[in-house]
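Have a look at the structure below before the remarks.
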Protein chains: 2
Amino acid sequence: MDALRLDDQVCFAVHAASRALDAVYRRELAALGLTYPQYLVMLVLWERGQVSVKDLGLALRLDSGTLSPLLKRLEAAGLVRRERDPGDERSVLVRLTPEGTLLRARAEPLPRRIMEASGMGPDELADLHRTLGRLTRSLTESAGRP
Amino acid sequence: MDALRLDDQVCFAVHAASRALDAVYRRELAALGLTYPQYLVMLVLWERGQVSVKDLGLALRLDSGTLSPLLKRLEAAGLVRRERDPGDERSVLVRLTPEGTLLRARAEPLPRRIMEASGMGPDELADLHRTLGRLTRSLTESAGRP
DNA sequence: TGCAACTCGATTGTGCACAACTTAATTGAG
DNA sequence: CTCAATTAAGTTGTGCACAATCGAGTTGCA
């Protein structure tokens, strides 16, 4: 077999799956006025209520270059507020507005709909989840020390 | 369990894995002067030698809005040439330059290095590959008819 | 205490991804 | 044969992702 054949490369399969998921989420989230990465940010906020930009970056593995403009758009949409942490003026705290909190209810049915679109059962999805977690960890570690 | 918990969502696992792979490829491909999507295009060209923009889009599931500027950059780098198909002037054929053909040798060791960084065995990777293929197909089909 | 090192976030620049639209070439129904 | 519909690329605009860099604020240690 040819090591460079496109169809044989797992990288492409991951890439393609990621974009296919993105497309499905794009459709489902359009009604909420959110993009998929904005939805991820909202998930963290619905879980924790309030979070610093740094902790958001740790949770989502995104840096400030991605988060700063994204959070500005969420703020412009009236879903979050940003303010300096009084205890440490370097840090910016992001928290939900009432509108942002209310949006949660409308996001609630989403995971089930995506699961149905995936055509896979809960066990299979859990398995995939574990495998991908392991892959991500390995890749991240190997990237750390070249 | 809470359906909206970030850690429980497969979508995030796929997204994170895709970006982690991207990061590893970024490092490996830097020496070749390629980005990861440019590498995917080169894979197709190394396989087929010559391809229309349309067929490239079908193979990679990318539209002209993504491919046009990407191909311009590959052309500026001297790796490909683009010319109208004499048989159908709407179509643009992309083909390798000698430099582009030569680059293949330097890309050859890449899949093995990525496989090592993944920390997974061939069987496990093949399994993941199959699962992701199925997932992508289901999602694409469900996106087709909302 | 004073200043060097570090932390946090924002900004800038490049490139990918996609939607919506434009233009040019081709096809086909009447 | 003609012209409306279709097809192929390209263009424009928006948003995500990341590297590199900057400036303000904090910490630690000499």
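Throughout, a chain's letter reflects where its sequence line sits, starting with A, and its residues are numbered from 1.
- Considering only residues two or more places apart in sequence or on other chains, A:R61 meets the side-chain contact (heavy atoms from CB on, under 4.5 Å) condition with B:R19.
- Phosphate contact (OP1/OP2 of D:dC22, side-chain N/O of A:R90, threshold under 4.0 Å): absent.
- As judged by a 4.0 angstrom heavy-atom cut-off over every strand, B:T35 is placed among residues touching the sugar-phosphate backbone only.
- Ranking D:dA9, C:dA17, D:dC18 by closeness to the A:R19 side chain, first place goes to C:dA17.
- Within the nucleic acid shown, A:S91 comes within 4.0 Å of sugar-phosphate atoms alone, with no base atom in reach, counting heavy atoms only.
- Taking the six-membered ring for Trp and thresholds of 30 and 60 degrees, A:W46 and A:Y39 have ring planes more than 60 degrees apart, a perpendicular arrangement.
- Mapping A:D85 and B:K54 onto DNA chain D via the closest heavy atom, the residue that lands nearer the 5' end is B:K54.
- The B:H15 side chain lies nearest to D:dA17 when the options are D:dT11, D:dG15, D:dA17.
- Note: B:Y36 and B:Y25 have tilted aromatic rings, judged against thresholds of 30 and 60 degrees for the angle between ring planes.
- For B:E141 and B:R137, the salt-bridge test fails: no basic side-chain N is under 4.0 Å from an acidic carboxylate O.
- Here D:dA9 is the nucleotide among D:dG15, D:dA9, C:dG9 with the atom lying nearest to any side-chain atom of B:S68.
- Of the two residues contacting DNA chain C, namely B:P37 and A:R82, the nearest-nucleotide position lying further toward the 5' end is that of A:R82.
- The base of D:dG10 sits within donor-acceptor range of the side chain of B:S64, with an N or O pair under 3.5 Å.
- When the nearest nucleotides of DNA chain D are assigned to B:R26 and B:V53 by heavy-atom distance, the more 5′-ward of the two goes with B:V53.
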